[in-house]
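Everything on this sheet refers to the single structure shown next.
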Amino acid sequence: MVSALGREPSAAERDLWRQAKAVAARAHAPYSGFRVGAVVRDAGGGGHSGVNVESASSPAGVCAERVALGAAVTAGQRELTAVAVATADERDALPCGVCLQALAEFGDLDVIARIGGEVRVLRLRELLTAPFSR
Ligand code: THU
């Protein structure tokens, strides 16, 4: 049963997830209607947000997690500890495989996401056990 995945979030983790949910309102998702927000937390405790940005040319769209990752790296933060992902309207969402691979570059982050209607915390490596590496 998928809702048994992971563990319960701490208060701080739940707060990070709420931040992701708040930012999801800014998503540009006119094609899917699936508005996603993400916040990446760095080792210093800073948060970096992103939303999904869709495009009329669908492959040009990008997920919220990779936008948040770009914001963290742009801010000079490469030691990352967690990513929270949430939708604007109470739906389950886990990072896709491409986002997991992109995030894996920066460590085995905690992934805070709504699964089976509950906010849960998993390690990235539980979701992507063997990321590609050179
Ligand atoms: N999406 C994200 O931004 N993050 C996820 O974790 C899952 C999917 C986006 C991609 C696309 O814009 C929309 O949600 C529907 O697939």
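If you read the sequence from its start, that first residue is 1, and numbering goes on from there.
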- Query: For G6, does its backbone N or O pair with a side-chain atom of E126 as donor and acceptor, under 3.5 Å?
  - Reply: no
- Message: Just so I know, are the side chains of Q77 and F106 near enough to count as touching, which here means a heavy-atom distance under 4.5 Å?
- Response: no
- Item | Spacing of E65 atom CD and N52 atom CG [to the nearest 0.5 Å] | 8.5 Å
- Heavy-atom nearest pair, V23 first then G50, reads CG1-O, 3.8 Å
- Determine whether I112 and V119 make a side-chain contact, defined as any pair of heavy atoms from C-beta on separated by less than 4.5 Å. yes
- Message: Quick one, Q101 and V98 - any side-chain contact, counting heavy atoms below 4.5 Å?
- Response: no
- Message: Testing the basics here: between V40 and A68, what is the closest heavy-atom pair and its distance to 0.1 Å?
- Response: CG2-CB, 3.8 Å
- Identify, with sequence neighbours excluded, every residue that meets salt bridge (charged side-chain N to carboxylate O under 4.0 Å, His left out) alongside R123. D108, D110
- Quick one: pull up NE2 in H28 and CZ in R35 and give me the separation to the nearest 0.5 Å. 12.5 Å
- Taking all atoms of both residues into account, what is the closest heavy-atom pair of G37 and A24, and its distance? N-CB, 3.3 Å
- Item | Student check: side-chain heavy atoms of V111 and P95 closer than 4.5 Å | yes
- Query: How is the hydrophobic cluster of V85 composed, in terms of its other members, when Ile, Leu, Val, Met, Phe, Trp and Tyr link through side-chain heavy atoms under 4.5 Å apart, directly or indirectly?
  - Reply: F34, V36
- Nearest-0.5 Å distance that lies between atom CD1 in I115 and atom CG in L94: 4.5 Å
- Could you tell me the separation between the CG atom of L127 and the SG atom of C96, rounded to the nearest 0.5 Å? 11.5 Å
- Query: Can you tell me how far CG of L100 sits from CD of E105, rounded to the nearest 0.5 angstrom?
  - Reply: 13.5 Å
- Query: What's the shortest heavy-atom distance between A82 and L16, and which atoms?
  - Reply: CB-CD2, 4.3 Å
- Message: So if I apply the side chain to side chain contact (heavy atoms under 4.5 Å, CB included) rule between E13 and each of R18, E8, R120, R7, which one comes out positive?
- Response: R7
- Give the cluster check for V121 versus L5: same hydrophobic cluster or not, with ILVMFWY residues linked at side-chain heavy-atom distances below 4.5 Å. no
- Task: Applying side chain to side chain contact (heavy atoms under 4.5 Å, CB included) between D42 and each of T81, V73, L80, report the one that passes.
- Result: L80
- Single-linkage hydrophobic cluster, 4.5 Å side-chain cutoff, V53 and L69 together: no
- D15 meets the salt bridge (charged side-chain N to carboxylate O under 4.0 Å, His left out) criterion, sequence neighbours left out, with none
- From CG (L124) to OG1 (T129), nearest 0.5 Å: 10.5 Å
- Query: Going by heavy atoms in the side chains, are S133 and P131 under 4.5 Å from each other?
  - Reply: no
- Query: Do K21 and E90 come close enough that some side-chain heavy atom pair is under 4.5 Å?
  - Reply: yes
- Distance-minimising heavy-atom pair for A72 and H48: CA-CG, 3.5 Å
- Task: Quick one: closest heavy-atom pair of Y31 and E54, and the distance?
- Result: N-OE1, 3.1 Å
